[in-house]
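Just so it is clear, the structure is predicted and the values come from calculations on it, not from any experiment. Here is how names work: the chains are called A, B, and so on, in the same order as the sequence lines, proteins then strands, and each is numbered from 1.
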Number of protein chains: 2
Amino acid sequence: MSDTRENIVDKAEELIRTKGYNAFSYGDIAGVLHIRNAAIHYYFPSKADLGVSVVDREIDKIASSREEWGDLPGNVQLRKVVERFYGSHRRGWICLNGSLTPDFLTLPDPLQKRVKEMCEVILDWMTESLEKGRKDGTLAFAGEAESRALLVISSLLSSLLLSRVLGKEVFTRMLDQLLKDIECAPDR
Amino acid sequence: MSDTRENIVDKAEELIRTKGYNAFSYGDIAGVLHIRNAAIHYYFPSKADLGVSVVDREIDKIASSREEWGDLPGNVQLRKVVERFYGSHRRGWICLNGSLTPDFLTLPDPLQKRVKEMCEVILDWMTESLEKGRKDGTLAFAGEAESRALLVISSLLSSLLLSRVLGKEVFTRMLDQLLKDIECAPDR
DNA sequence: GTCTATATTCCGATAGAC
DNA sequence: GTCTATCGGAATATAGAC
């Protein structure tokens, strides 16, 4: 992939995660990368194509992490995910899920399809990690793993939304409580 | 308040909660209410004014419910809130929080201020309800009430976002688990 | 590949008649 | 209060030169 193409996708992801899909324009990207509007259309004929590329890349990243971390204990997998969210929080970015699901009904069909796929992949992964943690004794929680996964995803997603509005302390407060709820005491 | 004015605010709220603040236009409202663009500007000179009215009304509604339900047991207060979210879910609406916090950085200053205020009011109310429930023995949870309130708000907010994408069963699944986590057995 | 130039559409907002 | 008419600006997208 050419540098320009990748730079465009990078910038598009940042804009989606700071301003939202409907609030960013080709002009925003062109301005920062010092290229013209038309150059972006060369790589991505429509805005939907650009959005699809951003989400597709995220789906790939998730698959990579899942494979890379597959052998780790359940609680460590969970903590890796939390760390990634902490990185987003420090940059003031929300996650793609938190940005694109509220706008879902306004997204072009191909993009809706990818967002749905991304959500399914995230849920499947989180469910598997939680099940593993319950089996290896590093996590403890009531109910089905998939229900728990949905609630964990909720907390991660919302921690970025709410801390943006209520203040950064909210992020730590939420994720600390989340981990206390679900993690077994490490020394026992 | 004139009927027209209230109808405009009604429709604006619906549009914010289905399409998002940046994706709806004066034209959307005018089309449904069979009035012209300019008539809306008569009541709301700028789009920000309209957004502010929607959020202000929500803040008022929250204050009313809080007062009305103040004497109920903690778990009943919580269930009342869950019921309200169920109503939103059936209409396919997300909550104002879930719609406006992702777009926060793109909102005009006066609207940002109201969104922040709305979040604070919701958090304060939920914290109080949870504290009451823990005291009267209808709710049980670990940690500070405010941390728990943030996680409960997360689940409510996200249940609308995720069920929109993953399917409606997700809503029930999440809120059932949420209540099981925090509610004491009713007969004991 | 990137540019200039432009077509097209839409949106927020205002002026002024009724 | 609601209308018609319109301005100014911005956005997506395309055509064609280099």
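Looking at heavy atoms from C-beta onward, B:Leu166 lies in side-chain contact with A:Leu150 at the 4.5 angstrom threshold.
At whole-Å resolution of the value, CD1 in B:Ile40 and C1' in C:dT14 are 15 Å apart. Atoms CZ (B:Arg36) and C1' (C:dG12) sit 17 Å apart, rounded to a whole Å. Atom pair B:Asn37:CG and C:dA15:P shows a separation of 14 Å (rounding to whole Å applied). In this structure, B:Phe24 places its CZ atom 7 Å from P of C:dG12, rounding to the nearest Å.
The nearest pair of heavy atoms linking B:Ile40 to B:Ala30 is CD1-N, 3.8 Å.
In the model, B:Arg66 has no side-chain atom that pairs as donor or acceptor with a side-chain atom of B:Ser129 under 3.5 Å.
Boundaries of the chain B contact region on DNA chain D are D:dG1 to D:dT4, first to last in 5' to 3' order (nucleotide atom under 4.0 Å from a heavy atom).
Side-chain N or O atoms of B:Lys132 include one that pairs as donor or acceptor with a backbone N or O of B:Gly70 at under 3.5 Å.
Surrounding CD of B:Glu169 are more than 12 heavy atoms belonging to other residues, nucleotides or ligands, all under 6.0 Å away.
For the pair B:Lys19 and A:Phe104, the cation-pi criterion (under 6.0 Å, within 45° of the ring axis) is not fulfilled.
Within 4.0 Å (heavy atoms only), A:Phe44 reaches no atom of the nucleic acid at all. Residue A:Tyr26 is in sugar-phosphate contact alone, with no base atom involved, counting any heavy-atom pair closer than 4.0 Å across all strands shown.
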